[in-house]
Novice: 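Structure below; questions to follow.
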Amino acid sequence: MVVGGQIFQFGRALARTKECIRLFNLRKCERGYATGNRLYATSSSGGGKQEDSSGSKDGEQSSTAKIIAGVAVTAVTAALVYKSGIFEPSGLDTPKKIKKSPAQQKVKTRPAVVRNPVNPADIPNIVPYLLIGGGTASFAAFRAIKSRDPTAKVLVVTEEGHLPYMRPPLSKELWFNDDQEATKNLKFKQWNGKERSLYFEPDQFYCKVEELDTKENGGVAVASGWKVERLDLAEKKAILTGGKEIQFEKCLIATGGTPKSLSIFDKASDEVKDKVTLFRGIADFQELDAVASTAKSIVVIGGGFLGSELVCALGKKSKTLASNPKIIQVYPEKGNMGKVLPEYLSQWTTNKVRNEGVEVISEAFVTGVSLDKGKLAIKLNNGNIINADHAVVAVGLQPNTQLANTSGLEVHEELGGFLVNAELEARSNLWVAGDCACFFDVKLGRRRVEHHDHAVVSGRLAGENMTGAGKPYWHQSMFWSDLGPEVGYEAIGIVDSSLPTVGVFAKATELDTPKAAVEASGEGDRSKSESNAAPVKPATQEQPRGPKDGEDYGKGVVFYLRDDIVVGIVLWNVFNRMSVARQVIKEGKKFEDLNEVAKLFNIHGE
């Protein structure tokens, strides 16, 4: 009733304003009819301007001014009354708007993604090869296309405002830079000290989008800041935001994934969201790097690969900052990477993380979040409340499959990702690679993999098949994770801590670290360094064994079993042995003695 009465009052004010305007027009018309004969005569004869006596004219101007002033006052009054907020709905469920303080009014803003080119007319109407997405898989694909078809014209369309770049250093090496100018320019030092750029190729490698049509020897162009809304597969067309259409001969979807959030943060106020980062790309790194330099406390939610890498990096970096922020990690598992590593190794890793100065809160999850005196108040299921300046949510990845809804493509119900065949085809002339592809593994069944090496290998295979290779996907991709330059592991296959495992370990030496591995190979991308590794000569002089008293899990091999068959392997501080692991997985058989299999990895050799 209160709202109804307020609306009625405003309606009356508005009606009075309209009535004033009507009377003004009516009076004007009456004056016209009072001298109608003269006016009509003048008008019909096409004669000069009509003039009344001086007194009549002054009176009309005075009356007109008064009416206009009245209308203006009424309109302004109505506007001020409405602006005051009395017409805002009120009650328990819909409180009145409260004026926010400057601190509360702050909402997280990032530099807008700049489109390049700005004008859609500069984007070619027809291209032989169209790649949707500008990540690792897309980069690997156009490298393969140009290798097999040197004069190919390739157009990459990406929503990001960057050229293709690698993601692993965003949670690893970039945080260990001593040179802040290098960090600003997205350059980092590998563990061996060699500097390189985050971008796969320099700007000069690419041609301008508007010049792609005229390149006689072909080229690769990147239309950044643009989104493909849907595909017309019958007509082989891609429709961009705004309606721009691109006709293609071959198309690749390599849209990657989006960080998962938690519903508690999704439903939170803008002031809370302003203090939360979902970590994935360059903008996320830059935001968190800036936060770390001023914050007093940062909480990372998630105990998987990304969350564990970030807390180790932040813990190390915090010691070099004047603010010396406190780093906190929260996750529901018993230990770091608890879903991947066997419990004993997960606990060892957790101790390693704590030694970096990180406060680890395990077996806990977030049940609520609010803002308290400018800080986040994060409530946990155990009743505790964490106060922090900023939060990072690292709880997994959601494949970007929006094109499935608009383009009639099939997505796997459980694993997510576009369903593709053994050649990574979703439909005729349409391939999918990287994080968003759900493919059939001939050894391990239907899978979806979210790691760098898979993006490289699947992107390369898709590019080859787009040029007619017709190859099936046989490769067992690997992945790696580093908790700084001293501890890291490489893995292959299905590594799930719920499976039975057998681990064989040995004492580590100074050469058994990620840093030493990179120094030996000269390559920070370990999916490249492992493929170029020399064959391993097994050492047979000593039986593999577990660590003795006083030794920790310095290095070793962990086998993951399903029906007594090895389906996954973790190489813990053991490097350049991935070819051996692939062979073991490929055999797909039961082994009577895994100690004998462990000899193949030469963990006790020099």
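Worth knowing before you read on, the calculation uses all heavy atoms, side chains too, and leaves out hydrogens, waters and symmetry mates.
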Novice: What is the distance from atom CD1 of Ile123 to atom CG of Leu155, rounded to the nearest 0.5 Å?
Specialist: 7.0 Å
Novice: Is it true that Glu201 and Arg143 have a side-chain N and a carboxylate O under 4.0 angstrom from each other?
Specialist: yes
Novice: If only side-chain N and O atoms count, and only distance matters, is there a donor-acceptor pair under 3.5 Å linking Asn116 with Ser224?
Specialist: no
Novice: Looking at Glu195 and Lys189, does any basic side-chain N land under 4.0 Å from a carboxylate oxygen?
Specialist: no
Novice: Would the number of heavy atoms belonging to other residues, nucleotides or ligands and lying under 6.0 Å from NZ of Lys319 be above 12?
Specialist: yes
Novice: Show your working on side chain to side chain donor-acceptor pair (under 3.5 Å) between Asn576 and Glu490 and close with a plain yes or no.
Specialist: CA-CA 9 Å; Asn576 296 325; Glu490 299 176 355; over 6 Å; no
Novice: Can Glu464 and Arg148 be counted as an ion pair, charged N to O under 4.0 angstrom?
Specialist: no
Novice: Which value, rounded to the nearest 0.5 Å, describes the distance between Asp203 atom CG and Lys208 atom NZ?
Specialist: 11.5 Å
Novice: Hey, is CD on Gln180 packed in by over 12 heavy atoms from elsewhere, all under 6.0 Å?
Specialist: yes
Novice: Give a yes or no on whether the ring-centroid distance for His451 and Trp480 is below 6.0 angstrom.
Specialist: no
Novice: Below 4.0 angstrom, N of the basic side chain to O of the carboxylate: do Arg582 and Asp453 qualify?
Specialist: yes
Novice: Determine, stepwise, if the pair Thr467 / Asp149 fulfils side chain to side chain donor-acceptor pair (under 3.5 Å).
Specialist: CA-CA 7 Å; Thr467 57; Asp149 183 1; over 6 Å; no
Novice: Tyr199 vs His162 aromatic rings, parallel, tilted or perpendicular, using cut-offs 30° and 60°?
Specialist: tilted
Novice: Assess whether ring-ring contact (aromatic ring centres under 6.0 Å, His included) is satisfied between His412 and Phe439, documenting all intermediate values.
Specialist: CA-CA 10 Å; His412 195 279; Phe439 62 98; over 10 Å; no
Novice: Rounded at 0.5 Å granularity, tell me how far OG1 in Thr349 sits from OH in Tyr489.
Specialist: 8.0 Å
Novice: Ring centroid separation for Phe479 and Phe305, is it under 6.0 angstrom?
Specialist: yes
Novice: Would you tell me whether Lys187 and Asn177 have side-chain atoms, one donor and one acceptor, within less than 3.5 Å of each other?
Specialist: no
Novice: Does the pair Glu450/Arg448 count as a salt bridge with the N-to-O cut at 4.0 Å?
Specialist: yes
Novice: I'd like to know whether Tyr473 forms a side chain to side chain contact (heavy atoms under 4.5 Å, CB included) with Val420, so could you lay out the CA-CA distance, the side-chain angles of the two residues, the decisive distance to 0.1 Å, and finally the verdict.
Specialist: CA-CA 11 Å; Tyr473 188 53; Val420 295; over 6 Å; no
Novice: If you take all heavy atoms of Arg280 and Asp435, which pair is closest and at what distance?
Specialist: NH2-OD2, 2.9 Å
Novice: Is any side-chain N of the basic residue among Glu160 and Arg167 closer than 4.0 Å to the acidic one's carboxylate O?
Specialist: yes
Novice: With Asp441 as reference, evaluate Arg446, Arg447, His475 under the side-chain hydrogen bond (donor to acceptor under 3.5 Å, both in side chains) test and give the passing residue.
Specialist: Arg447
Novice: Hey, is Asp389 close enough to Lys375 for a salt bridge, meaning N to O under 4.0 Å?
Specialist: yes
Novice: Given Thr151 and Asn217, is the side chain to side chain donor-acceptor pair (under 3.5 Å) satisfied, shown in steps?
Specialist: CA-CA 5 Å; Thr151 61; Asn217 296 322; over 6 Å; no
Novice: Would you say that more than 12 heavy atoms from the other residues, nucleotides or ligands in this model lie under 6.0 Å from the CG of Asn119, or not?
Specialist: yes
Novice: If you take all heavy atoms of Val495 and Ala491, which pair is closest and at what distance?
Specialist: CG1-CB, 4.2 Å
Novice: Using every non-hydrogen atom in the two residues, find where Asp232 and Glu235 come nearest and quote the distance to one decimal.
Specialist: OD1-N, 3.1 Å
Novice: Are the charged groups of Asp289 and Lys317 less than 4.0 angstrom apart, N to O?
Specialist: yes
Novice: Any idea which heavy atoms bring Trp175 and Leu310 closest together, and the distance?
Specialist: NE1-CD2, 3.8 Å
Novice: For the side-chain hydrogen bond (donor to acceptor under 3.5 Å, both in side chains) test, which of Thr294, Thr277, Asp274 pairs with His390?
Specialist: Thr277
